[in-house]
Amino acid sequence: MLPSFAVRCLAALLAVGALSAAPAHALSIDYTAQLLDAATQRWSYTYTMVDLKVYSNATLLAGQVLDLDFDPGQYADLQLTGPGPGSDWSAMAIQPDPLLPALGYYDLQAQRTNPDLTGPFQISFTWKGAGTPGWQQFDIYDVDYRYLTGGSTTLAVPVPEPGTLAMLFAGLAGMLAARRWRRAGARGLLLAGLAAGGAAQAQLSVDHYDLTGNQRANRTQFDYTYQVTFRNQGGALKDAVATVTSRSPATLIIDGSVNIGTMAANANTTSYDTITIRQDRTLPFDPASLAWQFSSNPSNRPPVAVATVDAANSTVGQIVTFNGLASSDPDGDPIGFSWGVLNRPAGSTTQIGNAQSGLASLRLDRAGSFQVQLLVNDGKLNSVPAVLTVGVSMPSHGLPYLSLPSGPGSEADTLAYYGSQPIKSCWWVGASNSPWVCDGPSGAPQDVLSWESQTGVRQATFNGYPVTRLAPITAVFYDDTSLAVARSMNCYSVPNTDLAMNGPGISCIASNHGPLPGQAGFPNPDAALGDAIAGRNPLSYSALWFSPTVGLTFQDFLPDTGYDPIVYPRDNYYFSRLQTSAQFDSEGRKQVPQACIACHGGSLNAATHQLSGASMLPFIVADMKFSTQPGYTRADQEGALRDLNRLVLGTRPNPNDPNDPIAVWINGTYANFTRGSADDGFLPPQWSGDPVLYRKVVRPYCISCHQALPSTINFASSWNFRGLAAQIANLVCSARTMPHSEAAFVGLRQSDALQVLKQQLLGGGACP
């Protein structure tokens with residue numbers, strides 16, 4: 001008869017099977033195991049995410065973590081293999097550690113809500129167990145690294161033996177063994193006591209530890225709690241106290257004091273009190289870094305930690321100083337200091353400087369919040385920790401992101417530019433079906449409807465008929481490699497009319513949606529895409545018009561909140577008003593057209609206020625995000641984006657110029673439009689020797705802006721980009737900014753692209 005716990009485990013296994021039959025609640029991950037090297041027992045797992053829902057009808061959210069567990073008794077030397085799971089995931093291998101003991105993890109953090117599950121998800125390992133590797137547990141954590149739920153992987157290819165029941169009980173045995181391992185903890189980690197004088201120090205030592213619990217603190221740090229058994233090799237002791245300290249920055253003492261109490265002579269005692277350490281799992285645990293001190297003096301009182309910081313709010317790249325010199329010991333004992341980082345922003349690797357002194361420092365390498373603690377020790381007891389919090393923001397550097405070297409311009413400059421546009425002002429005379437009357441140029445239109453009319457999108461027939469609207473090419477997408485907003489892009493090919501400025505042209509209106517950098521909720525691609533599809537909550541309407549004879553012009557409109565939302569819906573861009581500036585980043589509004597020139601290229605004549613040399617930019621499909629709503633998926637949008645890119649290609653002076661990076665990219669991506677959808681793997685010929693740098697860094701974070709800039713910085717070739725290595729290192733690593741794209745810069749800094757940039761361009765040099 002099975003024990004009661006086994007019965008519960010069997011029921012749990014059957015429940016997992018029931019879940020597999022109910023997709024709305026399923027947590028299902030299939031795996032295949034492949035032997036790579038029989039001599040070394042090197043294997044690999046390939047996972048297939050069949051269905052991954054945290055709760056009923058709730059998919060994995062951005063920032064949540066999926067861990068596949070690797071028992072340290074069976075697995076070793078985890079290595080990520082294959083090309084990796086793509087930009088929807090951040091993957092990491094955390095090694096099993098038998099000394100803690102602690103599971104290893106294939107750690108996957110979702111970089112967006114409802115991430116792509118197609119993989120590939122692969123990891124290799126050395127198998128230490130008997131037979132062949134089997135199924136694993138997996139766990140899912142929320143964005144604050146609290147455990148949500150879990151399950152077990154399923155072999156993708158059925159095996160004939162052992163039979164179903166035998167397999168079930170083999171799995172049950174595995175679950176029982178795993179439970180015993182998790183609860184039993186580490187035995188025999190003998191850490192010698194530090195003999196510091198006195199009877200207790202001389203005769204006490206640590207016999208072994210029992211792991212009683214663990215909890216995740218952040219992505220790479222875990223808290224481990226142990227019950228300690230002490231060995232007394234001398235006479236009886238009263239009111240014995242033990243304190244552990246760490247000499248390793250990878251191991252932080254959270255609670256290191258143990259009240260042992262009375263100990264009989266030559267006996268072992270297991271304390272009810274526990275210790276807790278925080279281990280950075282990117283580094284192996286080193287038991288030799290821990291040292292124990294013992295005391296049997298009941299009159300000793302713990303010291304008091306007092307800590308201050310010179311700047312509770314600072315910016316990335318700054319060094320803050322922590323002061324613990326006001327700490328003291330009530331018994332007058334000399335004290336030692338130990339500083340450590342309790343919590344840090346994702347991606348931070350910085351370490352405390354002078355961590356064992358009264359004055360310590362920390363270089364702030366990520367925006368977010370740092371928690372730093374101070375422990376002081378009187379040689380016997382640790383103090384209660386003193387905890388400080390430092391808030392860190394991205395620096396301004398005095399240079400607005402979307403500006404030009406000559407400055408961001410002024411409202412007067414923008415008004416002069418708008419007034420210089422060679423477009424005509426037209427209006428109805430009499431009834432709405434009467435002819436249009438036009439003159440001009442006489443200034444910019446005041447709303448999107450007037451702008452459409454004046455650029456020929458809404459044409460007047462001059463024969464008494466109403467205005468005719470042309471059918472647009474429309475696409476909805478989220479592009480976080482440039483402005484990080486969702487866009488409903490509507491472009492028209494405008495025929496040759498007087499209102500179209502004496503020549504055919506292209507007219508586009510982009511309705512922008514979603515929170516901007518620095519605003520609450522940023523980034524939120526799914527919500528922004530939903531708003532763009534429904535026409536809700538527009539941020540602004542960016543309008544541009546291109547003609548071979550005139551070039552490119554820009555206007556910016558905001559939704560007009562002066563209209564009654566019941567009579568005039570605010571999500572209709574006809575009810576809008578002209579603005580002299582637009583906001584694209586966390587540093588406030590920037591002037592038009594200066595903000596547009598930053599990426600579209602060109603220059604503004606200070607005397608005539610005429611814009612020249614600006615370009616339309618391609619739609620880089622590979623780096624966009626799309627909705628999952630029917631009609632708005634990437635597959636649904638491919639045709640429209642291809643046609644939009646065809647329009648952009650038509651604006652190039654020579655569409656087949658091999659030195660024109662925009663023309664090369666569009667022609668290559670669509671194979672001169674013989675291909676119906678974009679080729680995400682296209683590599684420009686002048687980048688053929690540098691595919692990793694191009695695909696991981698340049699295409700997703702650089703060319704969406706640089707392609708239209710002067711040839712010296714258009715990144716059209718590998719040697720052009722590599723020739724600017726010093727300038728790139730200065731901006732990205734030292735100044736920590738890219739002046740024309742805050743969203744792209746933040747994305748680069750928070751992804752594995754920064755590591756690729758360091759390795760491929762900077763020779764692996766430091767880039768904090």
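What you see below is based on every heavy atom in this structure, not just the backbone, and it leaves out hydrogens, waters and symmetry mates. We're numbering straight along the sequence, starting at 1.
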Going by distance alone, is a donor N or O of one side chain under 3.5 Å from an acceptor N or O of the other, for [X] and [Y]?
X    : Y    : answer
R247 : S289 : no
D280 : T282 : yes
T81  : S44  : no
R278 : T251 : no
Q356 : N354 : no
Q371 : N343 : yes
Y47  : Q136 : yes
Q221 : N218 : yes
N232 : Q203 : yes

Contact summary for [X] and [Y], nearest pair of heavy atoms:
X    : Y    : result
D255 : T274 : OD2-O, 3.7 Å
R301 : L381 : C-CD1, 4.1 Å
A250 : L283 : CB-CD1, 3.6 Å
L204 : F294 : O-CE1, 3.5 Å
P115 : A110 : CG-CB, 3.9 Å
D378 : P302 : OD2-CA, 4.5 Å

Backbone N or O of [Y] within a donor-acceptor pair of the [X] side chain at under 3.5 Å?
X    : Y    : result
T269 : M263 : no
K128 : P72  : yes
T270 : T229 : no
Q122 : L80  : no
S295 : V241 : no
T350 : R363 : yes
D286 : A288 : yes
R231 : H208 : no
Q64  : L61  : yes
Q109 : D107 : no

Partners meeting side chain to side chain donor-acceptor pair (under 3.5 Å) with T132 (sequence neighbours left out):
none

With the side chain counted from C-beta on, respond yes when [X] and [Y] share a heavy-atom pair under 4.5 Å apart, and no when they do not.
X    : Y    : value
L362 : F370 : yes
W43  : S124 : no
T153 : D30  : no
Q41  : L35  : yes
F222 : R281 : yes
L66  : I140 : yes
L252 : L342 : yes
I253 : N382 : yes

Step by step, would you call F230 with V206 a side chain to side chain contact (heavy atoms under 4.5 Å, CB included)?
CA-CA 5 Å; F230 297 96; V206 174; 4.0 Å; yes

Let's go through T245 and Q293 carefully: what are the C-alpha distance in whole Å and the side-chain angles of both, what is the deciding distance for side chain to side chain contact (heavy atoms under 4.5 Å, CB included) to 0.1 Å, and is it a yes or a no?
CA-CA 8 Å; T245 56; Q293 292 182 322; 5.5 Å; no

[X] [atom1] to [Y] [atom2] distance, which is reported to the nearest 0.5 Å:
X    : Y    : atom1 : atom2 : result
R42  : W127 : CZ    : CH2   : 13.5 Å
T220 : I94  : OG1   : CD1   : 6.5 Å
L108 : D88  : CG    : CG    : 11.5 Å
Y226 : N214 : OH    : CG    : 8.5 Å
Q215 : D223 : CD    : CG    : 6.5 Å
L60  : L148 : CG    : CG    : 9.0 Å

Ring centres of W135 and Y31 under 6.0 Å apart?
no

Do D77 and Q79 pass the side-chain hydrogen bond (donor to acceptor under 3.5 Å, both in side chains) test, and can you show the C-alpha distance, the side-chain angles, and the key distance before you say yes or no?
CA-CA 6 Å; D77 191 21; Q79 298 291 331; 2.9 Å; yes

Using 4.0 Å as the upper bound for N to carboxylate O, is an ion pair formed by D144 and R146?
yes

If the threshold is 4.0 Å, N to carboxylate O, is there a salt bridge linking D67 and R219?
no

Angle between ring planes, F322 versus W339, binned at 30° and 60°: parallel, tilted or perpendicular?
tilted

Would you mind telling me which of W89, Y45, Y106 makes a ring pair (Phe, Tyr, Trp, His ring centres under 6.0 Å) with F121?
W89

Step-by-step side chain to side chain contact (heavy atoms under 4.5 Å, CB included) determination, L364 to V320
CA-CA 8 Å; L364 306 172; V320 294; 3.8 Å; yes

Y141 six-ring centre to R216 NZ/CZ under 6.0 Å and within 45° of normal
yes

Evaluate the criterion side chain to side chain contact (heavy atoms under 4.5 Å, CB included) for residue pair S327 and I335; output intermediate values, then yes/no.
CA-CA 8 Å; S327 303; I335 56 176; 3.9 Å; yes

